[in-house]
Number of protein chains: 2
Amino acid sequence: MLKPILLQVLFDKLDRLVDLGEHDKAALSALPQHHKTIPTGGYIVREGTKPDYCAILLQGYAIRQKLSADGKRQILAIQIAGDPLDAQHMFLDCADHTVQALGEARVAIIPRHALQTVVMSRPALTHAFAVNGQVDASIFREWLLNIGRRDARKRLAHLFCEIAVRLEANGQSTTDGFYLPMSQEELGDATSLTSVHVNRSLRILEDEGFIARNGRTIRFPDKAATMKMAGFDPRYLHLGRQSDAVIAESVQNGESSRGAGDRYGRSDA
Amino acid sequence: MLKPILLQVLFDKLDRLVDLGEHDKAALSALPQHHKTIPTGGYIVREGTKPDYCAILLQGYAIRQKLSADGKRQILAIQIAGDPLDAQHMFLDCADHTVQALGEARVAIIPRHALQTVVMSRPALTHAFAVNGQVDASIFREWLLNIGRRDARKRLAHLFCEIAVRLEANGQSTTDGFYLPMSQEELGDATSLTSVHVNRSLRILEDEGFIARNGRTIRFPDKAATMKMAGFDPRYLHLGRQSDAVIAESVQNGESSRGAGDRYGRSDA
DNA sequence: CGACACATTGAACAGCATCAACCCAGGTGG
DNA sequence: CCACCTGGGTTGATGCTGTTCAATGTGTCG
């Protein structure tokens with residue numbers, strides 16, 4: 001299998017985050033790689049192992065997940081085309097969660113050590129992967145808020161908003177809705193709900209006009225309204241380019257605050 | 001204020017994760033820094049801002065938190081001495097969550113740009129901060145599982161286990177229990193429960209002999225039993241030293257799996 | 001002492017889970 | 001070509017876990 005420029009979708013994503021030079025892209029493209037199709041449900045990373053390769057999602061979707069001791073599944077994140085699926089293994093010795101294809105997916109497989117060498121030897125790439133990792137962490141944080149503090153209806157709506165916005169940001173345009181190959185049970189595992197309650201909540205969202213469904217394709221009749229209802233604020237996705245060298249401007253001075261009113265700052269609007 | 005070797009607690013932590021040389025520590029120590037005491041509840045990072053400094057927690061505790069649109073708070077993480085509190089701002093332009101002192105805390109304040117320059121110019125430091133960031137992300141993932149899939153009793157027990165183990169790992173020994181300056185409402189915000197239910201669940205844990213309380217000091221009469229009950233498996237903390245250059249050994253081959261039985265791998269025991 | 005923050009307890013309630021049908025579309029095999 | 005099977009989606013009835021509201025207890029501090 002030759003090496004097509006099919007990491008393009010990764011470049012698109014990284015380029016959006018930082019200013020990547022042609023040499024950096026060339027260095028990535030020059031890495032040994034092969035592309036592979038993973039069937040629905042196929043494993044890409046298994047918890048407890050240390051893969052010697054890194055996978056980049058080229059097409060389709062993948063999920064991160066963990067199981068509790070009594071076998072209940074929690075989906076931790078949904079990855080879309082362009083997302084590195086196990087960049088974390090450049091830094092961690094053991095996978096702490098599992099990654100599986102959602103629907104049929106296409107991935108690029110790159111030897112971990114080779115990728116690590118290139119990424120760590122090129123400042124722009126080091127930076128790009130660091131930013132990517134921090135954005136992932138920010139998404140985990142928002143999911144904690146979503147699952148911990150929003151009701152079923154808002155949780156689902158928020159999830160849909162996130163995916164729609166991330167797809168758009170990557171230029172995987174979704175003017176007329178987007179296809180999301182998740183069963184209602186999987187939606188439940190992503191939102192900590194049962195499939196039964198997902199079903200009912202989806203119906204309510206639909207009846208209220210916040211979403212429209214056609215099979216597993218989701219559309220927003222009024223996207224702004226849905227975002228508002230779900231408390232979705234895209235800031236946590238850090239979509240813009242993250243400036244590298246920044247001039248300091250704010251000043252730290254000893255704030256101290258407690259008491260009822262302003263105990264903590266505001267979050268999403 | 002002179003520059004004491006008081007980043008020692010940070011070195012202890014990073015040293016545990018990667019092999020840090022004396023020059024690396026010296027470079028960090030040489031950074032301009034000042035130390036500061038933050039009162040209970042004082043802000044260290046505010047959501048929506050871009051601080052020009054990075055704070056390292058030297059003593060005490062801090063929490064990360066977000067608020068939902070309707071004002072409900074979710075605590076995202078608990079930070080202990082040695083933890084960088086906003087290393088993420090080396091890579092992100094805008095704070096997506098807030099960090100506050102839990103009890104009185106002591107922090108080292110380092111200009112962000114200076115820290116960034118040193119960290120990015122020294123491979124061992126680059127690696128150390130990358131590992132640290134990935135471990136933080138792993139903890140967020142486990143919290144998603146905790147909040148999403150465990151009942152109140154296990155959630156609280158799991159939280160206590162995590163803090164105990166992390167304190168121990170950093171040599172902040174806790175042979176006889178540990179002090180955790182969180183109100184029951186704060187415990188509720190960390191576990192997505194109400195303070196009332198936290199109160200009742202704590203009593204149950206105590207009656208069952210899984211924990212012992214003395215004010216805000218927690219002890220485990222039988223730590224192994226508590227860990228087992230909570231489904232706590234410390235792997236997600238990635239406590240050991242994360243090897244830098246690793247020889248590849250496992251081989252990726254096209255696994256495909258679906259169907260009822262083995263749809264996904266196991267998580268915590 | 002009085003104020004205040006927090007812990008504790010009780011009673012009523014609600015959101016979501018559980019259990020159990022039933023339906024529907026698509027694929028398979030006789 | 002149809003009978004059957006299977007994996008979802010849908011719906012109803014019922015109940016539990018955790019919430020809400022509210023009152024009372026308790027330790028600390030000015």
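The chains referred to below are lettered A, B, ... by the order of the sequence lines, with proteins before strands, and numbering in each begins at 1. As the structure is a computational prediction, the values presented were derived from the model and not from experiment.
Dashed line: the shortest gap from a side-chain N or O of Asn199(A) to OP1 or OP2 of dG9(D) is not under 4.0 Å. Taking only side-chain nitrogens and oxygens, Arg213(A) comes nearer than 4.0 Å to OP1 or OP2 of dT10(D). The side chain of Arg216(A) places an N or O atom within less than 4.0 Å of a non-bridging phosphate oxygen (OP1 or OP2) of dG9(D). Look at Thr194(B) and you'll find a side-chain N or O under 4.0 angstrom from OP1 or OP2 of dT19(D).
In this structure, of dT9(C), dA17(C), dG18(D), it is dA17(C) that holds the atom nearest to the side chain of His197(A). Side-chain proximity of Ser183(B) to the nucleotides dT18(C), dA17(C), dC6(C) is greatest for dC6(C). Among the nucleotides dG8(D), dC16(C), dT18(C), the one closest to the side chain of Leu193(A) is dC16(C).
Counting only N and O atoms by type, the side chains of Ser192(A) and Gln74(A) include a donor and acceptor under 3.5 Å apart.
Separating the CG atom of Asp151(A) from the C1' atom of dT20(D) is a distance of 16 Å, rounded to the nearest angstrom. Between the C1' atom of dA12(C) and the CZ atom of Arg200(B) lies a distance of 11 Å, rounded to the nearest Å. The distance from atom CD of Gln184(B) to atom C1' of dG18(D) is 15 Å, rounded to the nearest whole Å. Straight-line distance from the CG atom of Asp207(A) to the C1' atom of dT10(D): 13 Å, rounded to whole Å. To the nearest angstrom, P of dG18(D) lies 13 Å from CG of Leu202(B). To the nearest angstrom, C1' of dA17(C) lies 14 Å from CG of Asp70(A). One atom, NZ of Lys154(B), and another, C1' of dG18(D), lie 16 Å apart when rounded to the nearest Å. In this structure, Asp189(B) places its CG atom 14 Å from C1' of dT19(D), rounding to the nearest Å.
Partner of Glu142(A) under the salt bridge (Lys or Arg N to Asp or Glu O under 4.0 Å) criterion, out of Arg150(A), Arg149(A), Arg235(A): Arg150(A) alone. When each of Val107(A), Asp86(A), Thr98(A) is tested with Ile44(A) by the rule side-chain contact (heavy atoms from CB on, under 4.5 Å), just one qualifies, namely Val107(A).
Two residues are said to be in side-chain contact when any heavy atoms from C-beta on lie closer than 4.5 Å; Pro234(B) and Met227(B) fail this criterion.
Note on Ser192(A): only backbone sugar-phosphate atoms sit closer than 4.0 angstrom, heavy atoms only; bases stay farther off.
A donor-acceptor contact under 3.5 Å is not formed by the side chain of Arg203(A) with the base of dG9(D).
Relative ring orientation between Phe220(B) and Phe178(B) is described as tilted, the plane-to-plane angle lying within the 30° to 60° band.
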